[in-house]
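Notes follow the structure.
So that the names make sense, note that chain A is the first sequence line, chain B the second, and so on, each numbered from 1.
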Number of protein chains: 2
Amino acid sequence: MARVTEVTDEPDVEDFDFVKVLSAVADPVRLSILRQLAEALEAISCGAIDLPVKASTATHHFTALRQAGVLHQYYIGTSRMNVLRTEDLEKAYPGFLPSVIAGSAGINRD
Amino acid sequence: MARVTEVTDEPDVEDFDFVKVLSAVADPVRLSILRQLAEALEAISCGAIDLPVKASTATHHFTALRQAGVLHQYYIGTSRMNVLRTEDLEKAYPGFLPSVIAGSAGINRD
DNA sequence: GGCATATTTTGACACGCATCGTACTAAGTG
DNA sequence: CACTTAGTACGATGCGTGTCAAAATATGCC
């Protein structure tokens, strides 16, 4: 029975830095990650998110989102799972994440 | 009597590019511009916006915001005036600009 | 431990970005 | 045109960022 192992470099909501959040989402690959997570309504592993870049590059993208506070990650077995920190972001920046996800809907995924 | 002279490299609202908009606002100096314009509720000239960088650098920041569609600029005499394209942004990305301006309120201006 | 899957780290590279200082241009007035 | 104010273009610089490939690590199971 695999246990849940948390990843530990995520900021507390009180420590969110808005410029960092904005910079983290201001990238087409990362917006694609946000959209896939928002559409799934559940955690998705890094490997299960469809991205137009190699795994090593994806890692950097996930890292930026996580360290900005946008993602929460944890291990299930050998898979690293991702969920959006929707409630924290809404608490810190009301309306921001929904408008970003909606805005990104017009972007072609490639 | 000074006439109004438009600046002409601003995108039409149908041509807005969300990544470009996000990238344009994801900078502390530019967020300060947005906040000053939002608080003023009227056009402010480039020179009248208080920024912690030199005029030549400020020019680049204004250019990024304008070309992303965030600002509308026009000359009054020798002064270049700026207003936020609030309605266009709300049309293209509902809720985005207000959440960004509110989110930037927690950022120290320096 | 060996093995497997999943992901990250490391190194290298190309490019873009934010900055400043200086010369130049834009928009006026007389 | 000369002059003024306001702002921009240009050049240079130092980082940071996004990318890939290969090696290394993280998390399991047996």
Side-chain angles (χ1 to χ4, degrees), chain A residues 1-10 17 19-33 43-68 70-83 107 109-110, chain B residues 1-10 17 19-33 36-37 43-68 70-83 107 109-110:
Chain A
M1 163 65 186
R3 72 174 186 276
V4 176
T5 308
E6 304 285 343
V7 177
T8 57
D9 64 349
E10 303 166 13
D17 173 330
V19 175
K20 194 160 183 163
V21 172
L22 278 168
S23 299
V25 300
D27 175 85
V29 172
R30 286 180 223 152
L31 287 170
S32 178
I33 292 173
I44 311 183
S45 69
C46 292
I49 298 186
D50 179 36
L51 297 175
V53 293
K54 297 294 165 66
S56 61
T57 304
T59 292
H60 289 298
H61 286 299
F62 285 116
T63 297
L65 289 170
R66 187 182 65 247
Q67 292 183 348
V70 178
L71 296 188
H72 169 56
Q73 289 185 325
Y74 55 94
Y75 275 102
I76 295 282
T78 63
S79 291
R80 198 182 267 228
M81 312 303 293
N82 302 273
V83 296
I107 300 174
R109 184 176 283 179
D110 49 358
Chain B
M1 163 66 182
R3 73 172 185 276
V4 177
T5 308
E6 304 286 343
V7 177
T8 57
D9 63 351
E10 302 166 11
D17 173 333
V19 175
K20 193 160 184 166
V21 172
L22 278 168
S23 298
V25 300
D27 176 84
V29 173
R30 286 180 223 155
L31 287 170
S32 177
I33 292 173
Q36 288 179 59
L37 288 173
I44 311 183
S45 69
C46 292
I49 297 186
D50 179 35
L51 297 175
V53 293
K54 296 295 165 63
S56 60
T57 303
T59 291
H60 289 297
H61 287 298
F62 286 114
T63 297
L65 288 170
R66 186 181 67 247
Q67 291 183 348
V70 178
L71 296 188
H72 169 57
Q73 290 185 326
Y74 54 93
Y75 276 102
I76 295 283
T78 64
S79 291
R80 194 181 270 230
M81 313 302 295
N82 304 273
V83 295
I107 300 175
R109 184 177 285 183
D110 48 5

[X], nearest nucleotide to its side chain (from [options]):
X: His61(B); options: dT8(C), dA18(C), dA26(C); answer: dA18(C)
X: Thr59(B); options: dC20(C), dG28(D), dG7(D); answer: dG7(D)
X: His60(B); options: dT8(C), dT19(C), dT19(D); answer: dT19(C)

Short side-chain N/O contact to [N] OP1/OP2 from [X], under 4.0 Å:
X: Thr57(B); N: dC20(C); answer: yes
X: Thr5(A); N: dG28(D); answer: yes
X: Arg80(A); N: dT8(C); answer: yes
X: Lys54(B); N: dG21(C); answer: yes

Any side-chain donor near an acceptor of the partner, Ser32(B) and Gln36(B), under 3.5 Å: yes

Can you tell me the distance, in whole Å, between the [atom1] atom of [X] and the [atom2] atom of [N]?
X: Lys20(A); N: dG16(D); atom1: NZ; atom2: P; answer: 12 Å
X: Ile44(A); N: dT7(C); atom1: CD1; atom2: C1'; answer: 16 Å
X: Met81(A); N: dT8(C); atom1: CE; atom2: P; answer: 13 Å
X: Gln67(A); N: dT9(C); atom1: CD; atom2: C1'; answer: 13 Å
X: Phe62(B); N: dA18(C); atom1: CZ; atom2: P; answer: 14 Å
X: Ile76(B); N: dT5(D); atom1: CD1; atom2: C1'; answer: 15 Å
X: Asn82(B); N: dT8(D); atom1: CG; atom2: C1'; answer: 14 Å
X: Asp9(B); N: dT8(D); atom1: CG; atom2: P; answer: 10 Å

Answer whether the closest heavy-atom distance between the side chains of Leu65(A) and Ile33(A) falls below 4.5 Å. yes

Does the separation of the ring centres of Tyr74(A) and His72(A) fall below 6.0 angstrom? yes

Mind checking Ser79(A) for me? I need base, sugar-phosphate or nothing, with any heavy atom below 4.0 Å counting as a touch. sugar-phosphate

Heavy atoms under 4.0 Å, any strand shown: does Ser45(B) hit a base, just sugar-phosphate, or nothing? sugar-phosphate

On DNA chain D, compare the nucleotides closest to Ser56(A) and Asp27(A); which residue's is nearer the 5' end? Asp27(A)

Interatomic distance, Gln73(B) atom CD to Phe62(B) atom CZ [nearest 0.5 angstrom]: 7.0 Å

Partner of His61(B) under side-chain contact (heavy atoms from CB on, under 4.5 Å), picked from Leu51(B), Val29(B), Ile49(B), is Val29(B)

